[in-house]
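Order of the sequence lines fixes the chain letters, A, B, ..., with proteins taken first and strands second; residue numbering starts at 1 for each chain.
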2 protein chains.
Amino acid sequence: MIAIGQDASCCPGLASAPLDDECATELAKVFKALGDPVRLRLLSMIASREGGEVCVCEMTPAFDLSQPTISHHLKLLRQAGLIDCERRGTWVYYWALPGVLDKLAAFLTTPQAVTEVTA
Amino acid sequence: MIAIGQDASCCPGLASAPLDDECATELAKVFKALGDPVRLRLLSMIASREGGEVCVCEMTPAFDLSQPTISHHLKLLRQAGLIDCERRGTWVYYWALPGVLDKLAAFLTTPQAVTEVTA
DNA sequence: CTTCTATATTGACGTCTCTCGATCCAAGGC
DNA sequence: GCCTTGGATCGAGAGACGTCAATATAGAAG
C-alpha cells in the first residue's frame with residue numbers, strides 16, 4: 001500500500017535538506033511501523049532468517065501475546081511495505097522486502113558520514 | 001533519558017540476528033519519535049542546518065500548528081536522544097546530537113548491503 | 001518593578017493504538 | 001460431507017498520542 005521504494009528515494013536525506021510535508025508523511029508511516037518493540041522483533045526475526053522466509057507458526061509462540069495480536073502486527077509491517085507474505089498450504093510464510101531497509105538507512109545517514117565512508 | 005548511543009550499539013543489526021526484547025524496546029522508542037511527520041520535519045530542519053543550530057522562533061512559523069504543539073514535539077525528540085537544546089537569552093536553540101542517526105542507519109543496514117559497500 | 005516577548009508546561013478533548021476473546025476463512029484429512 | 005488446524009478479521013476496552021487554549025516561566029527592556 002505504501003510505496004516506500006519510490007517515495008523514500010524522492011527524499012534526498014534527512015540531514016541534507018528540510019523535508020517537505022508529503023515526503024515526511026510517507027516516511028513517518030514506515031518509522032511508525034518500526035516504533036513498536038513487537039514489530040521490531042518480528043521484522044528482525046524475518047530479516048535475519050537465513051532462508052529468507054519465516055512461518056507464522058514459528059513467530060507466534062516466540063511472544064507472550066495472543067495469535068490475533070501477532071497477526072495484527074504482521075499486517076502493519078506488510079502495509080508499511082517492509083514485508084510480504086504468501087500462503088503455502090495451511091501455513092503462511094513471511095519475508096522481508098529487499099532494499100527498503102537499506103533505503104531507510106541511506107535516508108538517515110548524514111552527509112558527513114557518507115563522505116567519511118566513501119573517502 | 002534514552003541512551004541510544006549505548007543501547008543501540010548493543011544491537012548488532014536488525015537483519016543479523018533476532019532482536020532481544022530489551023533492545024527492541026529501546027530502539028522502538030527512537031523509531032516512535034521518528035514516526036510523526038511533524039517531528040521528522042523538525043529533525044530534518046535541525047539536522048540539515050549549516051550552522052548546526054536552529055532557533056525555535058524559526059521553526060514554529062514553518063508549521064500550521066500552535067506553539068505548544070511544536071514545543072511538545074521538540075521535547076519528544078529531545079527525550080528520544082535525537083536533539084538537545086540550550087537557552088541563549090530569550091531564545092532557545094536546538095541542534096542534532098551527532099552519531100545517533102548514523103547508529104540508527106547502521107542498525108537498519110542489512111549485512112549484505114554492508115559487504116557490498118566494503119567490498 | 002513592571003511589562004513585553006519567547007518557550008515551556010498544564011489540562012482537556014478527540015482520535016489512534018495495542019491488546020484480547022470470539023468468530024470467520026482456507027486448506028487438509030477423515 | 002464433517003472435523004481439525006493455522007491465520008486472519010471483527011468488536012471492544014484500556015491506554016497512549018496529537019492538538020489546542022490557558023497559564024506559567026525566563027529573560028530583556030523600559
Output the rounded distance in Å from [atom1] ([X]) to [atom2] ([N]).
X      : N       : atom1 : atom2 : answer
F63(A) : dC20(C) : CZ    : P     : 12 Å
D36(B) : dT17(C) : CG    : C1'   : 14 Å
K32(B) : dC16(C) : NZ    : P     : 17 Å
E58(B) : dA6(C)  : CD    : C1'   : 14 Å
I70(B) : dA6(C)  : CD1   : C1'   : 14 Å
L76(A) : dC16(C) : CG    : C1'   : 12 Å

Transitively linked via ILVMFWY side-chain contacts under 4.5 Å: V54(B) with V56(B)?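 Both belong to a single hydrophobic cluster.
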What is the minimum heavy-atom distance between A24(B) and P37(A), and which atoms define it?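 In terms of heavy atoms, the two residues are closest at CB-O, 3.7 Å.
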In Å and rounded to the nearest 0.5 Å, what is the [atom1] to [atom2] distance from [X] to [Y]?
X      : Y      : atom1 : atom2 : value
E26(B) : D21(B) : CD    : CG    : 10.5 Å
L76(A) : K29(A) : CG    : NZ    : 13.0 Å
C55(B) : I46(B) : SG    : CD1   : 11.0 Å
L19(B) : L43(A) : CG    : CG    : 9.5 Å
L40(B) : M45(B) : CG    : CE    : 13.0 Å

Would R78(A) count as a cation-pi partner of Y94(A), with NZ or CZ less than 6.0 Å from the six-membered ring centre and within 45° of the ring normal?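 No; the conditions do not both hold, so R78(A) does not lie above the ring face of Y94(A).
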Using C1' atoms of five pairs at each end, report the bend of the helix from dC1(C)-dG30(D) to dC30(C)-dG1(D) rounded to 10 degrees.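 The value is 10°.
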Indicate for each nucleotide in nucleotides 25-30 of chain C, in 5' to 3' sequence, whether protein heavy atoms under 4.0 Å reach the base (B), only the sugar-phosphate (S), or nothing (-). -SSS--
Can you give one letter per nucleotide of nucleotides 9-14 of chain C, 5' to 3': B if a protein heavy atom sits under 4.0 Å from the base, S if only from the sugar-phosphate, - if neither? B-----
Worked check of side-chain contact (heavy atoms from CB on, under 4.5 Å) between W95(A) and D84(A): CA-CA 6 Å; W95(A) 60 85; D84(A) 203 357; 3.8 Å; yes
Hey, could you give me each pair passing side-chain hydrogen bond (donor to acceptor under 3.5 Å, both in side chains) that has a residue in residues 52-61 of chain B? Not counting sequence neighbours.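 Every side-chain hydrogen bond (donor to acceptor under 3.5 Å, both in side chains) pair that includes a residue of residues 52-61 of chain B, provided the two are not neighbours, is R49(B)-E58(B), E53(B)-R88(B).
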So do the side chains of S48(B) and S16(A) get within less than 4.5 Å of each other, counting heavy atoms only?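 Side-chain contact under 4.5 Å: no.
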Between L108(B) and F31(B), is any pair of side-chain heavy atoms under 4.5 Å apart?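 Heavy-atom side-chain distance check passes, below 4.5 Å.
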Across the strands shown, which category fits [X] at heavy-atom distances under 4.0 angstrom: base, sugar-phosphate, nothing?
X      : result
L65(B) : sugar-phosphate
R39(A) : sugar-phosphate
Y94(B) : sugar-phosphate

From the 5' end of DNA chain D to its 3' end, which nucleotides mark the outer limits of contact with chain B, defined by a 4.0 Å heavy-atom distance cut-off (strictly under)?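 Span of nucleotides near chain B: dC17(D) to dA28(D).
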Pairing residues for H73(B) by the side chain to side chain contact (heavy atoms under 4.5 Å, CB included) criterion, not counting sequence neighbours: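 Checked H73(B) against side chain to side chain contact (heavy atoms under 4.5 Å, CB included); matches are D36(B), V38(B), R39(B), L42(B), T69(B).
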Evaluation steps, side-chain contact (heavy atoms from CB on, under 4.5 Å), between L101(B) and L82(B): CA-CA 8 Å; L101(B) 289 176; L82(B) 289 164; 4.1 Å; yes
